[in-house]
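Beneath this line is the structure, given in structure tokens, with notes to follow.
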Number of protein chains: 2
Amino acid sequence: MVRTARFSEDDFIEATMAQVAEGGPPAATMQAIARRVGAPTGSIYHRFESRAAMLGAAWNAAYASFTAALAPLLRAGRPRDAALAILPWAREHERRARFLLLHEPVALFEDTPPPAPLRAELERLEESFDDAFRACVATRGDGALREEDLARAKFLIFDAPIAILRPHLMRGGPLPPFAERMIAELHAGMPIG
Amino acid sequence: MVRTARFSEDDFIEATMAQVAEGGPPAATMQAIARRVGAPTGSIYHRFESRAAMLGAAWNAAYASFTAALAPLLRAGRPRDAALAILPWAREHERRARFLLLHEPVALFEDTPPPAPLRAELERLEESFDDAFRACVATRGDGALREEDLARAKFLIFDAPIAILRPHLMRGGPLPPFAERMIAELHAGMPIG
DNA sequence: GACATTCTAAAACGTGCATTCTAATTGGCA
DNA sequence: TGCCAATTAGAATGCACGTTTTAGAATGTC
């Protein structure tokens with residue numbers, strides 16, 4: 001190390017999430033990200049080789065944060081708690097939640113995919129999260145793991161709670177207290193096993 | 001009318017939906033839309049004043065098609081049937097479904113919103129759909145209409161079924177038969193009233 | 001205290017796209 | 001038949017943005 005950096009990788013990652021969270025993918029221009037950090041655009045390219053790499057790094061960071069909050073509960077065979085854990089996570093990381101849960105990766109990446117190492121990292125994260133789901137379903141079921149069972153679990157633990165949050169994440173503002181109730185009711189009425 | 005048009009508004013609208021459905025918003029460039037129709041780019045501007053207007057018109061058309069399939073069932077007080085009606089609609093209009101259900105309007109419009117008349121038309125459509133929801137909830141409940149009741153209904157009839165379809169719409173290919181089952185179960189376990 | 005290296009800094013470049021422009025065609029109508 | 005507005009046709013324009021370049025500043029090491 002020869003010169004101390006004024007800006008960190010994380011500064012740019014956070015700024016990227018913020019730009020997407022507030023204005024969607026089109027608002028995440030390299031200039032806007034740099035401006036938000038207070039850096040010149042060129043500085044981004046010392047850390048990230050391209051815009052695709054910048055967005056990819058932000059995506060991986062948000063995804064890792066999210067799955068870290070849920071995976072342990074899944075592996076412990078507590079699907080209901082995993083589903084409910086999305087709420088405090090989203091309340092604590094509103095920016096990340098809006099970035100990760102409101103935008104399909106396809107909308108961010110399909111013009112230019114992130115470089116291979118980032119894609120590989122994301123694949124590892126996704127696979128690990130998938131494993132957690134399978135482990136959770138396995139603790140409940142008895143025999144073979146059908147595709148339908150896995151789809152059910154993902155819906156109940158992941159997609160449905162997010163569908164409950166989406167309107168409020170979009171509007172901005174606090175997540176309503178009845179979100180908890182709806183998730184609990186959902187799991188009471190439509191159990192995993 | 002002095003010269004017969006070779007291309008119709010609908011041609012461009014369908015091409016716009018197709019481009020977004022297949023490649024996301026960034027794939028819906030004016031040139032790509034025109035190329036898909038076989039027309040020069042300039043021809044689009046005889047019918048739509050801007051790209052925002054083009055996307056807005058496509059969005060309104062898809063939204064109208066979708067709500068037309070559901071609203072009557074809602075007004076008839078049949079929430080379960082409304083939720084299940086999403087499936088045949090999506091199977092019959094795969095392109096529209098991918099366009100409408102896989103992309104947040106925010107991602108399409110927030111850099112440049114569509115012109116006022118289109119926004120007004122969309123607002124009317126949304127309001128009418130909202131009314132249908134309220135009517136449906138009212139037939140079930142007894143007293144005042146709480147925000148939570150409306151949120152529950154929208155989740156059960158709209159967001160949850162779409163969450164069930166989303167992974168399959170994304171992947172492409174046919175919607176699985178167990179989607180029906182999951183929606184039915186959801187409504188059995190978590191009734192509207 | 002000079003050097004190598006990593007960074008900041010800001011301007012410059014090139015490209016792709018939305019939009020506009022100019023010209024050429026078409027076909028109903030007088 | 002000849003006129004004319006609507007339309008096709010496709011090239012031209014201008015801008016926004018990703019990326020590169022060039023120059024200078026900072027800092028640990030010898």
Side-chain angles (χ1 to χ4, degrees), chain A residues 1-20 22-59 103 107-116 118, chain B residues 1-20 22-59 103 107-116 118:
Chain A
M1 187 93 60
V2 220
R3 176 185 176 168
T4 61
R6 284 187 54 198
F7 316 106
S8 69
E9 284 198 10
D10 263 358
D11 290 338
F12 292 107
I13 287 179
E14 286 299 323
T16 301
M17 291 184 191
Q19 284 300 116
V20 176
E22 289 169 21
T29 67
M30 296 302 259
Q31 347 245 348
I33 294 166
R35 196 175 329 123
R36 186 157 194 135
V37 173
T41 35
S43 290
I44 303 182
Y45 287 88
H46 279 276
R47 304 176 169 72
F48 304 94
E49 68 182 56
S50 64
R51 180 171 183 269
M54 178 78 260
L55 288 170
W59 185 264
H103 300 278
L108 288 168
F109 301 133
E110 75 201 319
D111 35 357
T112 336
L118 284 172
Chain B
M1 188 100 57
V2 216
R3 173 181 182 169
T4 61
R6 286 186 53 197
F7 316 106
S8 69
E9 283 199 10
D10 264 356
D11 290 338
F12 292 108
I13 287 178
E14 285 300 322
T16 301
M17 291 183 191
Q19 285 298 117
V20 176
E22 290 170 20
T29 66
M30 295 302 258
Q31 348 246 348
I33 294 166
R35 195 177 326 123
R36 186 157 194 134
V37 173
T41 37
S43 290
I44 303 182
Y45 287 89
H46 278 276
R47 303 175 169 73
F48 304 94
E49 68 181 55
S50 64
R51 180 171 184 267
M54 178 78 260
L55 288 170
W59 185 263
H103 299 279
L108 288 168
F109 300 133
E110 74 201 323
D111 35 357
T112 336
L118 284 171

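This one's a predicted model, so the numbers in the text were calculated from it and none came from an experiment. Residue numbers start from 1 in every chain, and the chains themselves are labelled A, B, ... in the order their sequence lines are given, proteins ahead of strands.
Between D/dT8 and B/S43, a contact under 4.0 Å exists linking OP1 or OP2 to a side-chain N or O.
Atoms CD1 (B/I44) and C1' (D/dG10) sit 13 Å apart, rounded to a whole Å. When the P atom of D/dT19 is taken as reference, atom CZ of A/R51 falls 8 Å away, rounded to whole Å. The nearest whole Å value for the distance from the CZ atom in A/R35 to the P atom in D/dA16 is 12 Å. The CG-P distance, from A/L55 to D/dC17, rounds to 14 Å in whole Å. Straight-line distance from the OH atom of A/Y45 to the C1' atom of C/dA11: 15 Å, rounded to whole Å. Rounded to a whole Å, the CG atom of A/D111 is 18 Å from the P atom of C/dT15. At whole-Å resolution of the value, NE2 in A/H46 and P in D/dA25 are 15 Å apart. Here C/dA18 presents its P atom at 11 Å from CD of B/Q19, a figure rounded to the nearest Å.
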**OP:** Output, in order, the C-alpha distance, side-chain angles, deciding distance and verdict of side chain to side chain contact (heavy atoms under 4.5 Å, CB included) for A/I13 and A/F48.
**Re:** CA-CA 10 Å; A/I13 287 179; A/F48 304 94; 4.0 Å; yes

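A donor and an acceptor atom never sit less than 3.5 Å apart when one is taken from the side chain of B/R6 and the other from the base of D/dT8. Scanning atom types as modelled, one donor and one acceptor separated by under 3.5 angstrom connect the side chain of A/R3 and the base of D/dA25. Put simply, the side chain of B/Q31 and the base of C/dG16 share no donor and acceptor less than 3.5 Å apart.
Taking only side-chain atoms of A/T4, from C-beta outward, the nucleotide of D/dT27, D/dC17, C/dT8 with the closest atom is D/dT27. When each of D/dT20, C/dA9, C/dT19 is scored by its nearest atom to the side-chain atoms of A/P40, the top-ranked nucleotide is C/dA9. The side chain of A/F7 lies closest to C/dT8, out of C/dT8, D/dG18, D/dA6.
B/I44 has its side chain out of reach of B/V37: every pair of non-hydrogen atoms, C-beta onward, lies at least 4.5 Å apart.
Within the 3.5 Å criterion, the main-chain N or O of B/F7 finds a donor-acceptor partner in the side chain of B/R47.
Two residues, A/A32 and B/R47, neighbour DNA chain D, and the one matched to the more 5' nucleotide by heavy-atom proximity is B/R47. Both A/A28 and B/A39 sit near DNA chain D, but only B/A39 has its closest nucleotide nearer the 5' end.
Residue B/T41 is in base contact, counting any heavy-atom pair closer than 4.0 Å across all strands shown.
Under the salt bridge (charged side-chain N to carboxylate O under 4.0 Å, His left out) criterion, A/E22 pairs with A/R36, not counting sequence neighbours.
Note that the CE atom of A/M30 and the OG1 atom of A/T41 stand 8.5 Å from one another [nearest 0.5 Å].
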